[in-house]
Protein chains: 2
Amino acid sequence: MPKLWNETIEAHRAAVRDAILDAAWALVVERGLMSVTMAGIAERAAIGRATVYKYFTDVESVLAAWHERQVAAHLQQLAEIANRPGAAGSRLEAVLAAYARILRGRGEHGPDLGALLHRDGQPEHAQRHLADLVRALLEEGVGSGEFRADVPAGELARYCLHALSAAAGMASEAAVVRLAGVVMSGVAAGG
Amino acid sequence: MPKLWNETIEAHRAAVRDAILDAAWALVVERGLMSVTMAGIAERAAIGRATVYKYFTDVESVLAAWHERQVAAHLQQLAEIANRPGAAGSRLEAVLAAYARILRGRGEHGPDLGALLHRDGQPEHAQRHLADLVRALLEEGVGSGEFRADVPAGELARYCLHALSAAAGMASEAAVVRLAGVVMSGVAAGG
DNA sequence: CTCCTATAGCGACATACTGTCTCGCAAAAA
DNA sequence: TTTTTGCGAGACAGTATGTCGCTATAGGAG
């Protein structure tokens, strides 16, 4: 899609943007984070190098956008699960298990970009929404006595998401399920 | 220490190596990961740029070495705590609390390099030793019935270390202590 | 004490990446 | 159709990279 403008211009921009993000991630996977260059991204996406600068200022911005897109997609899945009927405990367990599965999904290949990208101080927007999603579930469960009340829900949410990052690169699906159970034990009441 | 060779040659090499590592981390903190260059490191360490290549092949190697040195230092502290007398549960709690405090220590400034550096497939050596330290404590506690036996100790160790990474950037010292307690609840028996 | 070898440090060079500017051309508006 | 908008690509200067060769010193042999 370098030259052809088949659709409306806005859709075209979105398509090119996505192609840039995909190309960048492909390079991260196969050559490592530090060797990703704007020139490489452009070549991989089959567009002019200068064109990439029309969309992003530097490599870090590209990777940040990729990460944002990724987390936003996960967020959509997880929000759907979180809104299903049932007690807060079972919903949180479902959300954590689903998130762990996602993280394991592309386990070995590709580092966690979230670690480097909050250079701007705060975590990414989608990442924060994800934390808010978990925190809301926790607060609901604290109200109903399912979860411990001696630790602020915000801290518990941080704990859950960080602990689940251990799912990346785990050997088996069963291990991921076990991990989610362990994390749940950490937030359960009466610990 | 660019030109002067005050001590033995081996000690000098170690000193220059450390200076390179310190310079690299200083640049990470103040300019971000992606903008760290070999040229910048050399200038910061007050040595010739080509000299840096005598010690490390590229920026990623420098950062990996910095991370290795850092984790090894932590490992020494934590091993000392782990070897103190007492039950496995209290020793593990002390180790987790100490590690959480360390991670919080340089909380905001500087991303977690461990996330990006295991490009070589496996985690860093010191990182693995750290996991082994925690795993040994867990296995001991499982034997005495203090910790849950339904999850392999290796997985529990991964869980502990990842969960504690939430300590980086936490607001208060009290929050770090709470976090360690939550993590302990996850590994306790009868969850 | 002197010389010899190995090696640390640095300047220089060719190559690659960066960031920007300008121009050509396709699409949307008039 | 004519005008306007703005995307895409070539080109250029500045910077980083990786390597080669030279100088000088440390540590050991005679």
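By convention in this document, chain letters (A, B, ...) are assigned in the order of the sequence lines, proteins followed by strands, and residues within each chain are numbered from 1. Keep in mind it's a predicted model, so treat the numbers as computed, not measured.
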- line: Between CE of M34(A) and C1' of dT17(D) the distance, given in whole Å, is 13 Å
task: Identify which nucleotide among dT18(C), dA9(D), dG9(C) has an atom closest to any side-chain atom of M38(A), counting heavy atoms from C-beta outward.
output: dT18(C)
field: Nearest-Å distance for atom pair CZ/C1', residues F56(B) and dA16(D)
entry: 19 Å
statement: Correct closest heavy-atom pair for I102(A) and L78(A) would be CD1-CD2, 4.5 Å
message: Quick check on DNA chain C: between K54(A) and G40(A), whose nearest nucleotide comes earlier from the 5' end?
response: G40(A)
task: Would you tell me if any nitrogen or oxygen in the side chain of H12(A) comes within less than 4.0 Å of OP1 or OP2 on dG8(D)?
output: yes
- prompt: What is the distance from CD1 of I47(A) to C1' of dC7(D), rounded to the nearest Å?
  reply: 11 Å
statement: Nearest heavy-atom contact between A26(B) and R44(B) is CB-NH2, 3.6 Å
- request: Rounded off to whole Å, could you give me the CD-to-C1' distance for the E43(B) and dG9(C) pair?
  value: 17 Å
message: Mind checking if A50(B) touches a base, just sugar-phosphate, or nothing, with heavy atoms under 4.0 Å?
response: base
query: For the side chain of R49(B) and the base of dG18(D), is some donor closer than 3.5 Å to an acceptor across the two?
result: yes
- prompt: Y55(B) or Y53(A): which one's nearest nucleotide on DNA chain C is closer to the 5' end?
  reply: Y55(B)
query: For L33(A) and L63(A), which heavy atoms make the closest approach, and how far apart are they?
result: CD2-CD1, 3.4 Å
Distance (rounded to the nearest 0.5 Å) between L130(A) CG and L161(A) CG: 5.0 Å
- prompt: Counting distance only, does the side-chain N/O of T51(A) pair as donor-acceptor with the main-chain N or O of I47(A) below 3.5 Å?
  reply: no
field: Residue-phosphate contact under 4.0 Å: T51(B) side-chain N/O, dC10(C) OP1/OP2
entry: yes
task: To the nearest Å, give me how far apart CZ (R13(B)) and P (dA26(D)) are.
output: 16 Å
Whole-Å distance separating the CD1 atom of I20(B) from the P atom of dC10(C): 10 Å
query: What nucleic acid atoms does T37(B) come within less than 4.0 Å of, heavy atoms only: base, sugar-phosphate, or nothing?
result: sugar-phosphate
